[in-house]
Amino acid sequence: TNLPIPPGLADAYYEVTLVSLPSGTVFGFGLATKPYPAFRFPGWNQHSMAYHSDTGNKFLSEDGEGQKYGPSFKQGDVVGCLYDTLCGQCIF
């Protein structure tokens with residue numbers, strides 16, 4: 001969605017099921033501020049954070065290699081994103 005997180009929430013959570021993820025496709029999952037460039041993966045631009053399917057790395061406003069975070073994910077997996085609005089932490 002492109003809707004903002006409602007003010008006053010302590011936590012915001014969403015999840016997706018990767019119903020279709022063809023081989024060689026990379027999925028970036030996370031949060032970003034508007035306006036965000038459509039040609040950039042989430043996490044690769046300022047004020048965004050994301051978890052990427054190919055490496056399992058977490059990206060925070062950077063377009064390098066990211067930080068080792070968790071396992072890679074694939075078709076059929078369910079991935080969640082919890083954002084703690086009080087401390088600004090994002091957990092996948």
Side-chain angles (χ1 to χ4, degrees):
T1 180
N2 66 352
L3 298 175
I5 295 171
L9 285 182
D11 297 317
Y13 178 80
Y14 75 101
E15 65 183 28
V16 297
T17 301
L18 299 172
V19 175
S20 176
L21 191 65
S23 179
T25 302
V26 178
F27 181 77
F29 178 78
L31 300 171
T33 59
K34 287 176 74 174
Y36 196 83
F39 61 90
R40 303 275 292 172
F41 266 107
W44 284 1
N45 235 44
Q46 191 172 13
H47 307 299
S48 68
M49 56 187 88
Y51 181 25
H52 290 194
S53 66
D54 58 338
T55 60
N57 288 355
K58 184 176 176 179
F59 293 79
L60 177 60
S61 300
E62 61 180 292
D63 63 357
E65 295 295 316
Q67 304 163 3
K68 292 288 183 194
Y69 184 71
S72 59
F73 45 100
K74 62 192 178 318
Q75 184 171 314
D77 288 346
V78 177
V79 186
C81 175
L82 173 66
Y83 179 62
D84 182 332
T85 63
L86 301 177
C87 71
Q89 184 176 11
C90 192
I91 301 167
F92 299 99

Any pair with a residue in residues 5-29 that passes salt bridge (charged side-chain N to carboxylate O under 4.0 Å, His left out), sequence neighbours left out, goes on the list, sorted by first then second residue, please.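 The answer is none; no pair qualifies.
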Item checked: salt bridge (charged side-chain N to carboxylate O under 4.0 Å, His left out): pairs with one or both residues in residues 35-46, sequence neighbours excluded ->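 Sorted result for residues 35-46: R40-D63.
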*Under 3.5 Å donor-acceptor, S53 side chain and S72 backbone*: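 Not a single qualifying donor-acceptor pair exists.
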Check your understanding: salt bridge (Lys or Arg N to Asp or Glu O under 4.0 Å) with D54: which residues, sequence neighbours excluded?
Key ->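 By the salt bridge (Lys or Arg N to Asp or Glu O under 4.0 Å) rule, D54 matches no residue at all.
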Scan the side chains in residues 19-35 for donor-acceptor partners under 3.5 Å anywhere in the protein, sequence neighbours excluded, and list what turns up.
{"residue": "T25", "atom": "OG1", "partner": "P22", "partner atom": "O", "Å": "3.0"}

Same cluster (ILVMFWY, side-chain, under 4.5 Å), Y14 and M49:
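Yes, one cluster joins them.
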Check side-chain contact (heavy atoms from CB on, under 4.5 Å) between N57 and all other residues, then give those that pass, not counting sequence neighbours.
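So N57 forms a side-chain contact (heavy atoms from CB on, under 4.5 Å) with T55, F59, K68.
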List the residues meeting side-chain contact (heavy atoms from CB on, under 4.5 Å) with P4, not counting sequence neighbours, and say none if there are none.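 Once residues adjacent in sequence are excluded, P4 has no partner under the side-chain contact (heavy atoms from CB on, under 4.5 Å) criterion.
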Under the rule for ring-ring contact (aromatic ring centres under 6.0 Å, His included), what residues qualify as partners of Y36, not counting sequence neighbours?
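ring-ring contact (aromatic ring centres under 6.0 Å, His included) list for Y36, sorted by chain: empty.
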Note to self: Using the ring-ring contact (aromatic ring centres under 6.0 Å, His included) criterion, which residues pair with F73? Sequence neighbours excluded.
What the structure shows: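 Residues passing ring-ring contact (aromatic ring centres under 6.0 Å, His included) with F73: Y51.
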Q) Looking only at heavy atoms, what is the nearest atom pair of G43 and S48, with distance? A)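 In terms of heavy atoms, the two residues are closest at N-OG, 2.9 Å.
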>> Nearest 0.5 Å, please: how far is CD in E62 from CG in L60?
In response: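 CD of E62 is found 6.5 Å from CG of L60.
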Compile the donor-acceptor pairs under 3.5 Å between side chains in residues 79-92 and protein atoms, sequence neighbours left out, one pair per line.
{"residue": "D84", "atom": "OD1", "partner": "L86", "partner atom": "N", "Å": "2.9"}
{"residue": "D84", "atom": "OD1", "partner": "C87", "partner atom": "N", "Å": "3.3"}
{"residue": "T85", "atom": "OG1", "partner": "L9", "partner atom": "O", "Å": "2.4"}
{"residue": "T85", "atom": "OG1", "partner": "A10", "partner atom": "O", "Å": "3.0"}

